[in-house]
Amino acid sequence: MNDAGGNSLPLANHTFTNGSITWLAGPPPDVVVTFNPISGSTVAFGGGLPGANVTQSIAIGNTGTIGTGTVSGCVLSGPDAASFSITGGNPSTVPPATSLGLQATLGAAALNATLTCNVADSSATTSATWTLTAPAGTVLQAPTLASNPASGASITLPNSYGTPVTTPIAFTPTGGDAGGPNASVTCSTASAGFTVTPAGALTFTPPGGAAQNAVVGCTPGASPVSGVVTCTGTHQGGAINWSYDVTCPAAQTAPPPPTFVPATSLWSKLALFGVFAALGMLVLGLRRNH
């Protein structure tokens, strides 16, 4: 059998019935929509700071070459559906290959939702479903502060003969995340007779860093003086509320002044005569030797 142009026609496209020719339709559509990750699996989003928008996608392709397949009517459901959104590819037609765009807004806790899409292709499948998960937002950490001496310690300042004295409380930072919050501590005292410098906060930028000192001072007087130094602030462990018992000792008794020997006393005169006698004998001895 030939067509009007003399080309041979395949017998599969027609049948003979009682001397008539019945033409059959071409082969049926064979496109089947494919997904990556596959329907029924989990789409996991990456991490970030709380409030960050992180993205994912589902690749949509197909097998077969005849006809088309569609993905449409995609909806989100589940406990955290409001934290997810569909950003593109709804609806989609394949071929050509495309993708379904997704976004999650991270919060303080992990997120879970379900994505369901309608599918129309040559298969019997009518829908595709995925579980969507996103981790809790990662909060960047401040450094951890340690003090030397530790909170609760008793501090006695050095002795002096009544001149001002000082002693440090050292704060050393460890850890923390680059770009995270600073740690800070401010030390002060309401006790009379004591000072603390600096008056403002000591600030520590993560990660780690050098130690810094709060310097406690006093001027020893006739009697010892007791007081309290308090330090407040924040670090990775939370709020800082530290205190130290401080003591300013009594001033030391000044050493006795050196004994003054008047030049006109008997002993001073005898000493002077002895010196002159020794010099005279030295001079006489030198002359005899010449």
Side-chain angles (χ1 to χ4, degrees), residues 1-140:
M1 177 70 66
N2 296 328
D3 61 16
N7 299 309
S8 175
L9 295 175
L11 295 179
N13 287 344
H14 59 275
T15 59
F16 297 94
T17 305
N18 298 324
S20 66
I21 301 174
T22 303
W23 292 97
L24 302 178
D30 64 355
V31 164
V32 174
V33 176
T34 61
F35 300 100
N36 184 21
I38 62 173
S39 174
S41 62
T42 297
V43 179
F45 289 74
L49 299 176
N53 292 322
V54 292
T55 60
Q56 260 291 11
S57 63
I58 297 172
I60 304 175
N62 66 278
T63 61
T65 58
I66 301 174
T68 59
T70 60
V71 178
S72 62
C74 297
V75 294
L76 294 162
S77 61
D80 303 308
S83 296
F84 294 89
S85 59
I86 301 168
T87 59
N90 179 32
S92 294
T93 299
V94 290
T98 184
S99 64
L100 184 66
L102 303 170
Q103 178 176 282
T105 301
L106 301 183
L111 304 173
N112 291 274
T114 300
L115 170 66
T116 303
C117 295
N118 298 326
V119 178
D121 58 13
S122 64
S123 70
T125 301
T126 58
S127 66
T129 303
W130 297 265
T131 298
L132 309 183
T133 64
T138 302
V139 178
L140 297 180

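Of the possible polar contacts, one joining the Asn90 side chain to the Cys74 backbone as a donor-acceptor pair under 3.5 Å is found. With hydrogens and angles disregarded, a donor-acceptor distance shorter than 3.5 Å links the side chain of Asn62 to the backbone of Gly64. Asp30 places a side-chain N or O within 3.5 Å of a backbone atom of Thr65 that can act as its donor or acceptor partner. Thr129 contributes no side-chain N or O that, together with a main-chain N or O of Thr116, makes up a donor-acceptor pair within less than 3.5 Å. In this structure, Asp80 contributes its side chain and Asn112 its backbone to a donor-acceptor pair below 3.5 Å.
Taking both residues in full, the closest heavy atoms of Ser92 and Ser99 are given as OG-O, 4.3 Å, listed atom of the first, atom of the second, then distance. Of all the heavy atoms in Phe35 and Ala128, the pair that sits closest is CE1-CB, 3.8 Å. Nearest heavy-atom pair, Pro95 versus Gly67, reported as atom, atom and distance to 0.1 Å: CD-O, 3.9 Å. Nearest heavy-atom pair across Trp130 and Gly40 is CD1-N, 4.5 Å. The two residues Ala136 and Ala108 come nearest to each other via the heavy atoms CB-O, 3.3 Å. Between Ala104 and Ala134, the shortest heavy-atom distance links the atoms CB-CB, 4.2 Å.
Separating the CD atom in Gln56 from the CG atom in Leu100 is a distance of 11.0 Å, to the nearest 0.5 Å. Here Thr138 contributes atom OG1 and Leu49 contributes atom CG; the two are 7.5 Å apart, rounded to the nearest 0.5 Å. Interatomic distance, CD of Gln103 versus OG of Ser83, reported as 11.0 Å (0.5 Å rounding).
Here the options are Thr114, Leu111, Leu102, the test is side-chain contact (heavy atoms from CB on, under 4.5 Å), and the partner is Leu132; only Leu102 passes.
Residues that satisfy the side chain to side chain donor-acceptor pair (under 3.5 Å) test with Asn53, not counting sequence neighbours, are Thr105. With sequence neighbours left out, Asp121 forms a side chain to side chain donor-acceptor pair (under 3.5 Å) with Ser123.
Residues Pro37 and Thr42 are not in side-chain contact: their nearest non-hydrogen atoms beyond the backbone lie 4.5 Å or more apart. Contact check for Leu76 versus Leu115: side-chain heavy atoms found under the 4.5 Å cut-off.
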For side-chain contact (heavy atoms from CB on, under 4.5 Å), just list the numbers for Thr68 and Val31, CA-CA rounded to whole Å, side-chain angles, deciding distance to a tenth of an Å, and then say yes or no. CA-CA 6 Å; Thr68 59; Val31 164; 5.6 Å; no
